There are 2 protein chains.
Amino acid sequence: MDDSRQADAPRRIKSVQTASEILATIQRRSDPTFGDLCDELDASKGTVHTYLATLEDEGFVVKSDGHYRLGFRFVTMGETVRNETDLYRAGQLEVDKLAEQTSEYVHLTVSYRGKEVTMYESRGDNAIAMDYHLRMREAPQYLHCTSTGKAMLSHFNESRVRDIIDEQGLAEQTENTITDPEHLFRELEQIREQGYAINDEEELRGMRSIGAPIRGVDGDVSGAVSVTAPTSRLSGERFHTEIPELVMQAANIIEVNLETTVFERNR
Amino acid sequence: MDDSRQADAPRRIKSVQTASEILATIQRRSDPTFGDLCDELDASKGTVHTYLATLEDEGFVVKSDGHYRLGFRFVTMGETVRNETDLYRAGQLEVDKLAEQTSEYVHLTVSYRGKEVTMYESRGDNAIAMDYHLRMREAPQYLHCTSTGKAMLSHFNESRVRDIIDEQGLAEQTENTITDPEHLFRELEQIREQGYAINDEEELRGMRSIGAPIRGVDGDVSGAVSVTAPTSRLSGERFHTEIPELVMQAANIIEVNLETTVFERNR
DNA sequence: AGTACGCGTTTGGAATTCACAAACATAACG
DNA sequence: CGTTATGTTTGTGAATTCCAAACGCGTACT
C-alpha cells in the first residue's frame, strides 16, 4: 500500500479527532438519535456505537431514551476554564455593575482562533431573556460584526486581521454587515482613535451594541466588554456618548484589575 | 500472547479514554507543564506529546509558554449543555429572584452519577465573592453533605441511596458531616416530611445552607435549589422558618415552569 | 399468528493506528 | 564548551481500531 501518512504532517491521534467530531455533531444537531449520528458521520454503525459508549462512560455524552446529548462534564470543565481565565476574574464584578447601570445586556468576550467566545454575560433589568443570547454563547462568533469583535480587531496588527479575514471570511449577517475588507480597515482605524466600537444592526437586525477593548499588561488585547440593546433603546445621546463613556470606563477598570490579578498570580 | 480483551467486557476506544484522562489531569493540577503531565500519566513522552497536539488542534487544550490548560471549547460546550437542560431554563430567573430576596448565594443543582453538579448560581448583594464557590462548580460534589444533595437523596428510593453510599462513601468534610448511613436515612426521612433540607456546617465550617428538591413531571427529582450563607447571617427564625419558606416557594415555582418547559418541548 | 423490517448491539478478523524506545533538537545551566 | 534538562520527531512491533456481516429484539404489516 501507499505510505498514507503525509511526509511532514505532524502526527495526531485519529481516534481523538473522531471523538471530537462526534461531539461537535451532537452539539450541532441537538438531541440526535443513534441513526442521525451514523448518517452524518461516515463511519460504520459499529464504530459509532463504540465511540458513543466510550464517551458516555467518560461523562462527555449522556444517552436518554435513544437521544444523545453532551454530558454534564462539560459544565464543570467549562467552569474550570472560566475560573482560570484572568479576564473573567478581573471583569466579572465590573460587568455586573455595568449591567445594573445601563439595565441592558453586558458581555465579556475573548478572541480565540479568529473568532470570539463569551466568557461572561450579565443581564440588566430591562434586558429580557432572549434565545438569541443563549445560542450566542454556544459557539464562537465572528469578530467583524460585533462591537466587541471589532474592538479587539482594532488592536491586532494588520497582517493578523488579514489572516483572520482569509480564514473566516466576512459573512454577511445582515444588510449592515461590513463585507469589504478595506471598509473594515477604515472602521478599525476610527475605532482605535475613538476608543470604542459600535455595532449598528450588523450582526442581528434590530440590535445595536457598543464595545470597548480590554488591554493586558503587555499591551495586547485580552478581551472586550460591550452593552447590547434593541435599537429603540439605544439611540441619540445614549448611543453616541453616554453608553460609550460607561463602557470605556468599565473596560479601563477591568484593565487595572487585570494588572493586579496577573501580578498576584506571578508572585 | 494472551487474549487481552476481557471476554464479555464491552468494547471501548482506548485512545478516547486516554485523552479523557489527560484532560482530567490538566483540570486537576492547574497549569501543568509537559513534564508534569508525563510524570502523572504513565505513558511515554512521545505519546503524551501526540495526544496534547491533537487535543490542542481540536480546541480542548491550550498551550501557552509551556503550560497546558483546558481550551475555550469547553466554555461553549458547557454553555450548550446548560441551555439544553430543562431545569436551567425553568429555574434561572427564579434563582435570580431568590438571590435578590435573600441577598445570599443561591444554587441550582442536578444530580449526576451519585454526585451533584451546579447548573447555575446567583449572588445576592451580601454574598461576597469566594474562591470556595468558584472551585465548587469545577467538580461534582458529594450529595450527603449539602442541602441540595440531601434534598435530592430524600426522594431517591432507598436502594439507590445505598448504591450511592457504596460507591461514593460518606466522606467526613467537617466534624458535622453525617458519616453514618443509618443517621443519614433518618435525616432523609425528616427532610421528606418537612420539605426542605438543612446543611449545618456539614460541608464547610462556618457555612449553613437550606435546600429544597425540585420534582419533575413524572415525580422524579430533577434538581434542587438552595440558599447558602455564613452561620452568623443564617440562624434563629431566619434559618428555621423564613428562608426555608422562600426556598420551598422558589422550588415550587420552578416545578411549575418545568412542566410547561417540558410540555412545550414535547409539543 | 407469521413474517418482514427497522434499529441498535455484538463479533471476527484484516488493516491501520498507536505507543514505546531511542534518536534528535533546543534551551538552560555550570 | 560540555552537560543536563526539556521538548519534539521517527522507526517499528504490537495492539487497537473499524468494517462488514451476523445477531437480537421490538414493531409494523399482511
Side-chain angles (χ1 to χ4, degrees), chain A residues 1-26 29-71 266, chain B residues 1-26 29-71 266:
Chain A
M1 300 293 158
D2 73 345
D3 177 22
S4 68
R5 195 184 310 296
Q6 295 287 344
D8 58 353
R11 244 180 247 198
R12 295 289 117 108
I13 305 293
K14 202 190 143 203
S15 305
V16 171
Q17 295 176 323
T18 306
S20 168
E21 202 186 322
I22 292 177
L23 292 170
T25 308
I26 295 176
R29 313 179 38 110
S30 27
D31 254 12
T33 65
F34 179 79
D36 294 340
L37 290 171
C38 288
D39 297 344
E40 202 136 346
L41 279 171
D42 71 338
S44 72
K45 287 193 296 179
T47 303
V48 173
H49 181 84
T50 311
Y51 273 91
L52 287 171
T54 311
L55 289 168
E56 191 179 8
D57 272 6
E58 300 296 326
F60 289 122
V61 150
V62 179
K63 175 168 61 173
S64 74
D65 55 54
H67 291 264
Y68 287 88
R69 327 180 141 211
L70 300 180
N266 291 341
Chain B
M1 295 298 154
D2 73 345
D3 175 22
S4 70
R5 194 185 308 296
Q6 296 287 341
D8 58 354
R11 247 180 245 198
R12 295 290 116 108
I13 305 291
K14 204 189 143 202
S15 304
V16 172
Q17 295 176 322
T18 306
S20 168
E21 202 186 323
I22 292 176
L23 291 170
T25 308
I26 295 176
R29 314 180 38 112
S30 33
D31 254 11
T33 64
F34 179 79
D36 294 341
L37 290 171
C38 289
D39 297 346
E40 203 137 342
L41 279 171
D42 69 339
S44 73
K45 287 194 296 179
T47 303
V48 173
H49 182 86
T50 311
Y51 273 90
L52 287 170
T54 310
L55 289 168
E56 191 179 8
D57 271 5
E58 300 295 326
F60 289 122
V61 150
V62 178
K63 173 167 66 174
S64 73
D65 54 54
H67 291 264
Y68 287 90
R69 324 180 143 213
L70 301 180
N266 291 342

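Chain letters run A, B, ... following the sequence lines, proteins first, then strands; residues in each count from 1. All values reported here derive from a predicted model rather than from experimental measurement.
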(request) Nearest whole angstrom, please: distance from the P of dC7(C) to the NE2 of His67(A). (result) 12 Å

(message) What's the closest nucleotide to the side chain of Tyr51(B) if the choices are dT10(C), dT17(D), dC18(C)?
(response) dC18(C)

(message) Under the criterion side-chain contact (heavy atoms from CB on, under 4.5 Å), I'd like the reasoning laid out for Arg29(A) against Asp36(A): C-alpha separation, chi angles, the key distance, then a yes or no.
(response) CA-CA 9 Å; Arg29(A) 313 179 38 110; Asp36(A) 294 340; 3.8 Å; yes

(request) Take atom CZ of Arg12(A) and atom P of dT10(D), then tell me their distance rounded to the nearest Å. (result) 12 Å

(message) Output the rounded distance in Å from CZ (Arg11(B)) to P (dT11(C)).
(response) 8 Å

(message) Can you tell me if Lys63(A) touches the phosphate of dT9(C), counting only side-chain N or O atoms and a distance under 4.0 Å to OP1 or OP2?
(response) yes

(request) When you get a sec, tell me which of dA19(C), dG7(D), dT17(C) is the closest nucleotide to the side chain of Thr33(B)? (result) dG7(D)

(request) Find which nucleotide of DNA chain C each of Gly66(A) and Thr50(B) is nearest to by heavy atoms, and output the residue with the more 5' nucleotide. (result) Gly66(A)

(message) Quick check for you: among dT8(D), dG12(C), dT10(C), whose closest atom lies nearest to any side-chain atom of His49(A)?
(response) dT10(C)

(request) Quickly, which of Leu23(B), Thr54(B), Ile26(B) forms a side-chain contact (heavy atoms from CB on, under 4.5 Å) with Phe60(B)? Name it, please. (result) Leu23(B)

(message) Rounded to whole Å, how long is the line connecting atom CD1 of Ile13(B) with atom P of dC19(D)?
(response) 10 Å

(request) Locate the shortest heavy-atom distance separating Arg12(A) from Asp57(B); write the atom from each residue and the value. (result) NH1-OD2, 2.6 Å

(message) Nearest to the Phe34(A) side chain among dC18(C), dT9(C), dA19(C), which nucleotide is it?
(response) dT9(C)

(message) If I take atom CG in residue Asp57(B) and atom P in nucleotide dT8(D), what distance separates them, rounded to the nearest angstrom?
(response) 13 Å

(request) Drop me the distance from Thr25(A)'s OG1 to Leu41(A)'s CG, to the nearest 0.5 angstrom. (result) 4.5 Å

(request) Between dT17(C), dG12(C), dC20(C), spot the one nearest the side chain of Lys14(A), thanks. (result) dT17(C)

(message) Whole angstroms only, please: what is the CG-P distance between Leu52(A) and dT9(C)?
(response) 9 Å

(request) Mind calculating the distance between CD1 (Ile22(A)) and P (dC18(D)) to the nearest angstrom? (result) 9 Å

(request) For Thr18(A) and Lys14(A), indicate whether the former's side chain and the latter's backbone hold a donor-acceptor pair under 3.5 Å. (result) yes

(message) Nearest heavy atom decides the nucleotide; on that basis, is Val16(A) or Asp36(A) closer to the 5' end of DNA chain C?
(response) Asp36(A)

(request) Within residues 37-46 of chain A, find the residues that approach DNA chain C with a heavy atom at under 4.0 Å, and present them sorted by residue number. (result) Lys45(A), Gly46(A)

(request) Round to the nearest Å and state the distance from Tyr68(A) atom OH to dC7(C) atom P. (result) 14 Å

(message) Ignoring hydrogens, what is the shortest heavy-atom contact between Val16(A) and Ser15(B)? Give both atom names and the distance.
(response) CG2-O, 4.0 Å

(request) List in chain and number order the residues that pass ring-ring contact (aromatic ring centres under 6.0 Å, His included) with Tyr68(A), two or more places apart in sequence or in another chain; answer none if no residue qualifies. (result) none

